[in-house]
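Quick notes on the structure that follows.
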Amino acid sequence: MNSQQAKFILQGYRPDGADAADETFADALAQARQDAELGQWLAKSTAFDRVVVAKLNDVRPPVGLREAILAGGRVTIADQPPAAKLGWRGAARWVVAASVALLGAVSVGLWSRRVPANGTLPEFALADARSLHGHLDFGPLSAELQTKLSEPTMGLARLRMPDYAALRSTGCRTVKFQGRDVLEVCFKRDGVWFHCYIARREDFPTVAAALTPSFAEHGKASVASWADAAHLYVVVSKSGRAALEKIL
Amino acid sequence: MSSELFNQLVDAHYVPLFRFALSLTKNSSDAGDLTQQTFFIWAKQGHALRETAKAKSWLFTTLYREFLRGRRRSERVTALEDLSPAEADPAAPEIDFVSGLDANLVVEALQEVEETYRVPLTLFYLQDFSYKEIAEMLEVPIGTVMSRLSRGKAQLRAALARKEGGTRGKVVPFKNNSARQSS
């Protein structure tokens, strides 16, 4: 690679160093460290890019734009039919997890969208899932876990939880239950969406856990809960207990 | 889609989206409209985004497509060998005068870059996307993104140089050249 080719490649190198781990730039960066002229060019080029970035960051949207978007968005959302119309089109058969545990009370009222002050984690999870109508990517590890959970042949027992702290710190959707963090990852099996809630057992030491699968349901909504040595899991389906039983 | 989720998306992305829109439309009012329109499309259709959803990419791509809608898009694929010698072997830019420029002048200079190069260049300077993601969004090869960044930066430097000349003439009319250069 000559200097000209290195400069060509380095034009795409972001000044905040976000591409430092990208192999595409490795050779050109190494060359810039050895070639004084190229290194000087890169330093100046990066400094120039930083200035432009800073100037661009100085540009502020007009006053009121945010409010206009939010107001218009509310009207648009209100004009939509209910989003949760995911038909249960035949779920894939899941391998049953070997270790399933009980989380809190079972067969309690899970119909309220509001979580009672003394509600259980499954109640909370169901209420939260019912309030969700979108399925978003909230971080790279979250997306990775979503992919794993969506694999049609993967049983929950074989799920290896990624590092909880890393999952949370990289943007996984996090909700609060009893003042503690609970992570949520949505995933789809055979066209049906599920919401998986994950909590650390140490955060909820009073929750009784068992290795038996537990279900709670109301109408078409259903919740399964279990635990392993370190985590509590709750999976919510808006498509009914039968759907959930099929994947467990 | 819940209003709460929508609010989160707006707060996370409306500022960089507006900046991107401003570079495209060259007009604050049109940029605001384009940004709003993008979010309204999300509000209407975004809930359909159920695969490993990439809301940010979706929003930027949708904004760009909305901008292009109704316009004839002229594809210009530029390879390294198509670049002029100065673009293929770019000189290191002088940054001192750029640092002193008003942000609006820098944005104006960015808006003078040809649209083909301005789009990837703005996405690059927003720093939210890698060149690979930009290539994916614009549906062009990675090499084309590199070329467009190279030519775009060359055009931006030229535009900034013009701004610098104009600024000097307007702002410091009473100083001589040597004084201006040393200030």
Side-chain angles (χ1 to χ4, degrees), chain A residues 3-5 7-9 11-16 18-19 22 24 40-45 47-62 64-66 68-70 72-80 83 86 131-138 143 146-147 150 186 188 193, chain B residues 1-7 9-11 14-15 18-19 22 28-29 31-32 35-36 39-40 42-44 46-47 49-55 80 83 88-95 98-99 101 103-104 106-107 110 122 124-127 130-132 142 145-147 149-150 153 156-157:
Chain A
S3 177
Q4 183 178 331
Q5 290 168 328
K7 287 179 182 177
F8 176 75
I9 291 170
Q11 299 274 1
Y13 188 76
R14 281 176 287 181
D16 62 355
D19 301 311
D22 190 325
T24 303
Q40 196 173 26
W41 174 89
L42 178 60
K44 282 189 172 182
S45 182
F48 174 83
D49 287 341
R50 281 202 193 99
V51 171
V52 176
V53 167
K55 297 293 180 186
L56 200 54
N57 284 340
D58 282 346
V59 175
R60 306 303 306 172
L65 176 61
R66 176 181 176 276
I69 293 171
L70 293 178
R74 274 194 291 272
V75 173
T76 306
I77 292 169
D79 194 41
Q80 298 303 302
L86 300 175
S131 72
L132 292 173
H133 297 292
H135 305 278
L136 300 175
D137 175 13
F138 282 90
Q146 183 186 58
T147 302
S150 301
C186 55
K188 189 163 67 172
W193 280 98
Chain B
M1 160 175 291
S2 71
S3 292
E4 183 187 355
L5 186 60
F6 183 77
N7 290 2
L9 277 172
V10 172
D11 285 339
Y14 91 100
V15 174
F18 172 80
R19 290 171 182 154
L22 186 61
S28 180
S29 178
T35 306
Q36 281 191 72
F39 278 109
F40 295 164
W42 172 272
K44 194 172 182 181
H47 64 275
L49 186 66
R50 292 194 174 110
E51 297 306 325
T52 304
K54 297 179 178 175
L80 174 59
L83 299 174
D89 191 9
E94 296 298 333
I95 65 166
V98 184
S99 302
L101 286 177
N104 289 330
V106 175
V107 172
L110 186 60
T122 305
F124 172 81
Y125 280 131
L126 287 172
Q127 295 196 116
S130 69
Y131 67 97
K132 289 177 182 172
I142 287 171
V145 171
M146 297 286 199
S147 294
L149 288 176
S150 187
K153 288 183 182 182
L156 177 62
R157 285 194 292 271

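Each chain gets a letter, A, B and so on, in the order its sequence line appears, and its residues count up from 1. Bear in mind the structure is a predicted one, so any value in this text is a computation, not a measurement.
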Quiz item: Can you name the closest pair of heavy atoms from B/Phe40 and A/Ala68 and give their distance?
Solution: CZ-O, 3.9 Å

Quiz item: About how many Å separate CG of B/Leu9 and CD1 of A/Ile69, when rounded to the nearest 0.5 Å?
Solution: 11.5 Å

Quiz item: Less than 4.5 Å apart, any side-chain heavy atom of A/Val52 and any of B/Lys153?
Solution: no

Exercise. Please determine, by modelled atom types, if B/Tyr131 and A/Asp19 share a side-chain donor-acceptor pair under 3.5 angstrom.
Key: no

Quiz item: chain A heavy atoms under 4.5 Å from B/Phe18: which part of the residue, side chain, backbone, both or neither?
Solution: side chain

Quiz item: Which region of B/Val106, side chain (C-beta onward) or backbone (N, CA, C, O), has a non-hydrogen atom less than 4.5 Å from a non-hydrogen atom of chain A, or is it both or neither?
Solution: side chain

Quiz item: Measuring from B/Asn7:CG to A/Leu70:CG, what's the distance to the nearest 0.5 Å?
Solution: 5.0 Å

Quiz prompt | Atom of B/Leu149, atom of A/Gly12 and distance for their closest heavy-atom approach | solution = CD1-CA, 3.6 Å

Practice problem: Measure across B/Arg157 and A/Phe48 and return the closest heavy-atom pair with its distance rounded to 0.1 Å. | Solution: CG-CZ, 3.7 Å

Practice problem: For the residue pair B/Val15 and A/Arg66, establish whether any side-chain heavy-atom pair is separated by less than 4.5 Å. | Solution: no

Quiz item: Is it the side chain or the backbone of A/Ala18 that comes within 4.5 Å of chain B heavy atoms, both, or neither?
Solution: neither

Quiz item: Between atom CD of B/Gln127 and atom CG of A/Asn57, what is the distance when rounded to the nearest 0.5 Å?
Solution: 7.5 Å

Self-check item: Proximity breakdown for B/Ile142 and chain A, heavy-atom pairs closer than 4.5 Å
Solution: neither

Exercise. Determine the minimum heavy-atom distance between A/Leu56 and B/Thr122, stating which atoms define it.
Key: CD2-O, 4.4 Å

Quiz item: Can you name the nearest heavy-atom pair linking A/Phe8 to B/Met146, along with the distance?
Solution: CZ-CB, 3.5 Å

Exercise. Select, from A/Arg14, A/Arg50, A/Arg60, the one with the greatest count of heavy-atom pairs under 4.5 Å involving chain B.
Key: A/Arg14

Quiz item: Do B/Val107 and A/Lys55 have side chains that get closer than 4.5 Å, going by heavy atoms?
Solution: no

